[in-house]
Amino acid sequence: MRGVLSAGLIGLVALSASAAPVFAQNSERYDIPAETRQTAQGLSQTALESDLALDIVTSLTTEVGPRLAGTPQEARAREWGVAKLRELGFENVRVEEFPLDLWTRGHSIYEEVAITAPFPQPLYAISLGGAAATPEAGLEAEVVFYANFDDFEQDAATNVRGKLVFINDRMVASRTGAGYGPANRKRRMGWVIAEDRGAAGVLIRSVGTDTNRFAHTGMVSFPDDRRPNVPILAVSAPDADLIERIAERGETMKIKLKTYAGWRGEVTSGNVIGEIVGREHPEEIVVIGGHLDSWDNGTGALDDGAGVAITMAAAKLIGDLPHHPRRTIRVVLFGAEEVGLVGARAYAIARMADGTVRDHVLGSESDFGAREIWQFSTKVNEAALPAMDAIGRELAVLGILRGDNDSGGGPDMIPLDYMGVPMASLAQNGEDYFDFHHTPNDTVDKIVPEEMAQNVAAWAMMTYLAAELDVDWRQPMEGEQAQPSQ
Ligand SMILES: [Zn+2]
């Protein structure tokens with residue numbers, strides 16, 4: 001289906017992206033040295049003809065499969081990561097472990113959820129990460145229906161004590177994934193309000209854009225480290241429609257649940273690291289990567305086996321060059337992202353401790369599937385912008401627009417971004433990402449090989465040039481002047 005799109009990929013991207021271009025505009029122009037440009041273009045060509053990323057994500061999803069943070073499955077993924085990085089010729093391959101509070105579903109991924117009145121029938125639902133279990137015998141209660149999160153938040157008058165709160169709120173699909181944040185409020189915060197009002201549990205419409213009869217899981221938020229004492233579940237979109245229709249009929253609705261979720265104590269997780277060591281400034285690091293953990297209900301092919309594979313493949317192609325770039329490229333396969341960026345925080349804290357935060361000259365993560373990249377954004381010092389614009393001109397050949405200079409770098413880059421490390425993003429087309437996100441249908445067959453190859457080409461070019469060009473991307477230290485691009 002999407003093979004059709006990939007055939008005319010570059011033309012289509014250029015066409016669909018022409019509506020509102022945002023350019024980083026700079027007066028002075030930077031030109032990449034001819035030989036370096038040639039090397040970058042050669043990397044891109046090699047990447048477009050390579051199946052390496054697809055091979056890597058196929059290996060991960062076949063030989064490991066689901067890998068919930070803190071479980072033995074995630075530990076197997078780390079072993080896989082170490083073996084794969086070594087096989088691909090990375091140096092300094094290692095695991096950095098960190099402690100993690102384990103949450104699991106505690107039972108099958110198919111939990112028992114059914115409408116018992118007025119029209120008894122089963123529902124397809126799944127516990128959200130962090131949720132509590134029902135009492136052993138299960139829980140049956142009346143349902144209070146809310147069309148959206150705002151309605152629920154504002155309605156302090158309705159008595160929901162001992163009842164099940166249902167929040168509907170549909171998510172809007174878009175290329176940027178901008179619908180996720182607003183639709184996700186009910187998943188993150190619904191339980192807090194419901195629990196404060198004495199509700200027995202919370203059900204939400206899955207945060208997703210599909211119409212399939214399976215539910216999307218995902219973590220809830222823990223404001224002030226508070227943890228839920230009630231069950232919290234997402235139901236499939238068709239089942240949310242059913243609940244909506246029953247609510248419209250005005251009769252008392254009851255749902256019965258039986259779930260086993262809960263916290264299981266402290267375990268070990270870890271980040272897997274491999275490097276292409278820089279030839280001139282090995283201590284300066286361009287850090288790229290994805291997250292190795294996934295949700296338990298799918299195989300984490302799009303989220304985020306794809307990001308792991310794209311960045312590993314791009315770095316491997318750079319490592320195969322006759323000369324390594326000036327600076328080190330560090331690939332980090334982050335652990336425990338889904339459960340709250342635990343690996344990303346551990347990585348950043350370890351760099352604070354060893355004093356190497358400032359050595360990170362650029363950071364970027366791939367964590368939005370494997371569809372084609374359409375935009376390149378950065379967050380670097382002003383004086384370095386012309387050089388980033390020059391990288392943008394190289395990426396344009398792949399159908400990629402130059403974006404702004406306010407990039408966040410990706411979820412696992414948040415702590416480093418916060419510490420002032422320069423960032424770059426290669427934004428993927430996410431229009432159907434949330435059809436699959438956190439569902440059993442996140443499997444490797446969803447990846448279109450040509451689109452993934454375009455990702456690797458873009459990552460290889462960007463990463464190589466960021467590590468090779470003699471330009472400092474960092475904000476100047478206090479009292480220092482930013483060095484203009486040379
Ligand atoms: Zn992810």
Side-chain angles (χ1 to χ4, degrees), residues 53 56-57 60-61 64-71 73-74 77-78 81 100 103 126 128-130 171 176-181 183-184 187-188 206-209 216-221 234 269-272 287-312 331-347 363-371 373 407-417 423 425-444 446-447 452 455 459:
I56 294 171
V57 66
L60 175 60
T61 53
V64 180
R67 38 200 189 278
L68 182 67
T71 63
Q73 285 288 102
E74 198 204 27
R78 286 195 294 283
L100 177 77
W103 176 92
I126 192 165
L128 294 176
M171 177 179 165
T176 61
Y180 186 58
N184 208 15
R187 189 187 92 197
R188 294 190 297 103
S206 280
V207 180
T209 47
H216 297 236
T217 191
M219 213 65 179
V220 303
S221 288
S269 181
N271 298 320
V272 182
V287 60
I288 61 172
H291 66 84
L292 196 52
D293 65 309
S294 79
W295 278 103
D296 51 346
N297 55 343
T299 65
L302 300 175
D303 186 13
D304 182 27
V308 162
I310 288 163
T311 52
M312 275 171 86
V331 175
V332 182
L333 315 180
F334 291 94
E337 187 270 353
E338 295 290 0
V339 297
L341 308 179
V342 185
R345 288 177 220 273
Y347 179 87
S364 189
E365 182 181 32
S366 171
D367 183 20
F368 202 46
R371 298 285 313 268
I373 291 168
S407 154
D412 286 302
M413 291 296 141
I414 291 171
L416 290 176
D417 180 28
M423 290 290 149
S425 308
L426 290 166
Q428 292 150 302
N429 176 358
E431 68 189 9
D432 63 357
Y433 181 66
F434 293 100
D435 289 359
F436 309 109
H437 184 244
H438 299 181
T439 74
N441 210 16
D442 180 357
T443 50
V444 75
K446 310 304 181 302
I447 294 174
M452 187 169 233
N455 273 264
W459 275 90

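When a ligand or atom number is given, it counts from 1 through the structure's own listing order.
A donor and an acceptor atom, one from each side chain of Ser407 and Ser425, are located under 3.5 Å apart.
Panel note: side chain Asp412, backbone Gly289; no donor-acceptor pair is recorded below 3.5 Å. A donor-acceptor pair under 3.5 Å is absent between the side-chain atoms of Asp293 and the main chain of Arg67, judged by distance alone.
Partner of His291 under the side chain to side chain contact (heavy atoms under 4.5 Å, CB included) criterion, chosen from Asn271, Asp304, Leu333, Val332: Asp304.
Taking the six-membered ring where tryptophan is involved, the planes of His437 and Tyr433 are tilted, since the angle between them lies from 30° to 60°.
Closer than 2.8 Å to the Zn ion (ligand 1) sit the protein N, O or S atoms His291 NE2, Asp303 OD1, Asp367 OD1, Asp367 OD2.
The line from CG of Asp367 to CG of Leu302 is 10.5 Å long, rounded to the nearest 0.5 Å.
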